[in-house]
Student: 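There's a structure below that I have some questions on.
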Amino acid sequence: MAHDTHHPGAVQDAPLWPWLAAAVTTLLGLAAWTQFSANPPVALQQLAKWLPTLLLGLGANIGISVLAMALGTVAGLLIGALSLSTMAPLRGATRVYVQVFRNAPVLVLVYFSTYVFPFELQLHHWRLPFPDWIKVVLGLALPASANVAEIFRGAVQSIPSAQWEAAQSLALSRRDIFRLVVLPQCVRRMLPPWMNLYASITMATSLASLVGVHDVVDAAQIASNTVSRTDFTVLIYATLLLLFFAYCYPIARATQALEARHARH
Amino acid sequence: MPAIDAPKNPPGKPAPTPLVSLRDIHLSFGANEVLKGISLDVLPGQVVSIIGPSGSGKSSLLRCITGLLRPQLGTITVGATRVDRLRHEAELIALRRRVGFVFQQYNLFPHLSVLDNLVLGPVRVNGRPRDEAEHQARELLQRVGLAHKAAAYPGELSGGQQQRVAIARALAMQPELILFDEVTSALDPETVGEVLTVIRELAEDGMTCVLVTHEMRFAAEVSDEVVFTEAGLIVEQGPAARLFGNPQQERTRAFLRRALGASLGSQSYAPDNKVVALPIDRFRFAI
Amino acid sequence: MADSSWLQEAVQATRTLGLNYAFVLDAGERQAFARGLWVTLQLCAVTLPLSLLAGVGLASGLNSPRAWLRRPTRVFVELTRNTPTLVQLYCAFLVLNLLINQQLQGRASNPLTPFAWVVIVVALHKAAFHAEALRAGLQAVPEVTLEAARSLGLSSRQLLLQVELPLALRFALPSLVNNLVDAVKMTAVASAIAVGDVTYESIMIWTQRDNVLELLLLILLYFGLLTWAVSRAGRWLENRLRMPGYGT
């Protein structure tokens, strides 16, 4: 080796796919064992019984996260655009909004939206129930929008001023510059932090279990209390952990891959 | 300044032992062979310049001498130490206390002040007491003309100033030999002169120097020996007057033609940065 | 009483805004809320330094040349960063704690209180993020600066302590401070396992009095104050450690 170096700063990430492959194989093996063995362990049998409920609960989490992220993105882009406005009061107001909703604990915001919004909406003679999960969506959309606004502002400000000057020298209007030059580049820069935010929001949906939503965490708690066996409790909570991991880890890896690709340009 | 054509040791005296001795150095990075058999001697007190096109492995050669790179083949001797045989960190450290290195990108430590940059080596490696090291550091800064910048941080200095601090930092270790790796290539033309002045003064004081440089005129002025390398091999070497005035190899001539261009021998960097006409007839470029 | 008169005036003032802060006048509830404020402060005071220590430990594990240390650390960091804190807290408190209690079987008492579990889980969760920030900081140290340090004869240990770590810390500092602000906010999950922090005490009060909005406003103000203090401290440190002229 030509290099004399004792410093491992360039240590590569050990690839995790061998571990994932091993984990998936183990799970499939356990599933096969449960199905085909005459005397499978009780805990595994119970897990197989409760798995559909868990997955339904996970569906609720994913649904909440998708809706919250969609709402938050739309609102955040608007607020982000306002934060770059030429009018100082608008800029100040958006700054306050972003500071408040980024510095508040997500749990507090979830409680806020759950308790402050009414039990049901009354529009003329119609009574619309306002289910808890929608309140959680609104509660999570608040920090999502504040973060999206920051991501948007950061992306626009990271466009080198040389681009602005070049576009202005071509006699493009401010609106055109945004539309044709700045925003297309922003989208690429915003994507990795936006994906990171989505992963955070998905993990935050676990808080919905604290306000009565029947999500995957709630399902795991009910299962654990119903079966009331120690080995099953260990198993169900490990499964809960792995379910979230299986959903959020690929997002994190995709984000890293996207960032690496962007850095090369 | 010693007369350019006179040899360092008058005839009749035995040849002195070289301070640095390289024999048949081969160095590859993966499949890319960068040095293909370099042999070179540097005598104590000698100033040797290595010139040549980019990518001819000159910087890698310097790094081999101080053990930052290890050649696949060949022997390197500094004083009595066989550098290519060193394995333990303690041995490499002992070598690096004797060999100074100045980099193209200065590489000062940005989180330390100029004074602390100069004091770090002597205190941590040579084990000298702090006030003694500081005293020496201030003297060195005076010598390179930067005594007033002792408390400044590298980020606040210009390129030329940073490079002078880097030279002072190498000197603070009191080395036997200093290696300069294209130390003016990253500088603005106006600041090149101040750095070359410092190097010239070092050479005149008798420090053994090996320079990799693109400054042909400076190399011509200050070197005892010039080595022209291309594609990992030494094409020609000899006293500056002979290599620049009467290059034997066609490849040397072609390189000098490209490097010196049409403005042959019109300028030289004198100590006070005034442009002085180089006495061109001493070199008689045969192009 | 004399000292409660200004409280009464304050409560009256807020009533004009439509807010019901009557709970403040009840001594029991007031003390419970104050206890909650104190517990949250304690949680932050213990968790933040612990997370930094654990972060340094994980970072050195991630950068270790020994694969048997590096790979499990990597798995732990990825697992912790990609699962919710609440779920980790349940796994720790409902599962690990249960197992520990079963093992101890009344022979000795379990030294780990719910408070301790919250500290452990939040500190480890944030340590994973600290470790990534430190790793990025270490990679940002230019190789040529390390080469210069080596050429001066510094040993590997001296290189690490005098050059590599100081620079890596300066690069990683903004991320580390952000992580600490997140950690302050994360202590709110303590309410999920009945640790008496400000969120839990507020829940107790508002289930009786139904003044959710008023309590949430107080909690938001309190957390805002704590996060402001942490980011202020971070800015002060950034200023102390700044490298004049760097990057220009």
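Throughout, protein chains are lettered first and strands after them, A, B, ... in sequence-line order, and every chain is numbered starting at 1.
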Student: Looking at B:M173, B:E156, B:R169, B:R124, which has the largest count of heavy-atom pairs under 4.5 Å with chain C?
Tutor: B:R124
Student: Between B:E215 and B:R200, does any NZ, NE, NH1 or NH2 come within less than 4.0 Å of an OD or OE carboxylate oxygen?
Tutor: no
Student: Contact between B:R87 and B:R70 at the side-chain level, heavy atoms closer than 4.5 Å - yes or no?
Tutor: yes
Student: Which residues in residues 98-114 of chain B have any heavy atom lying under 4.5 Å from a heavy atom of chain C?
Tutor: B:V99, B:F101, B:F103, B:N107, B:L108, B:F109, B:P110, B:H111
Student: Tell me, side chain or backbone of C:Q162 under 4.5 Å from chain B's heavy atoms, or both, or neither?
Tutor: both
Student: Determine the minimum heavy-atom distance between C:L165 and C:L138, stating which atoms define it.
Tutor: CD2-CD2, 4.3 Å
Student: Return the minimal non-hydrogen interatomic distance between B:G74 and B:D84, and the atom names on each side.
Tutor: O-OD2, 3.5 Å
Student: Hey, does B:Q136 have a side-chain heavy atom less than 4.5 Å from the side chain of B:Q174?
Tutor: yes
Student: Apply side-chain contact (heavy atoms from CB on, under 4.5 Å) to residues B:T213 and B:E182 and explain how you reach the verdict.
Tutor: CA-CA 5 Å; B:T213 183; B:E182 295 196 36; 6.0 Å; no
Student: Which donor-acceptor pairs under 3.5 Å do side chains of residues 142-152 of chain B form with protein atoms, sequence neighbours excluded?
Tutor:
unit_1	atom_1	unit_2	atom_2	d
B:R143	NH2	B:D205	OD2	3.3

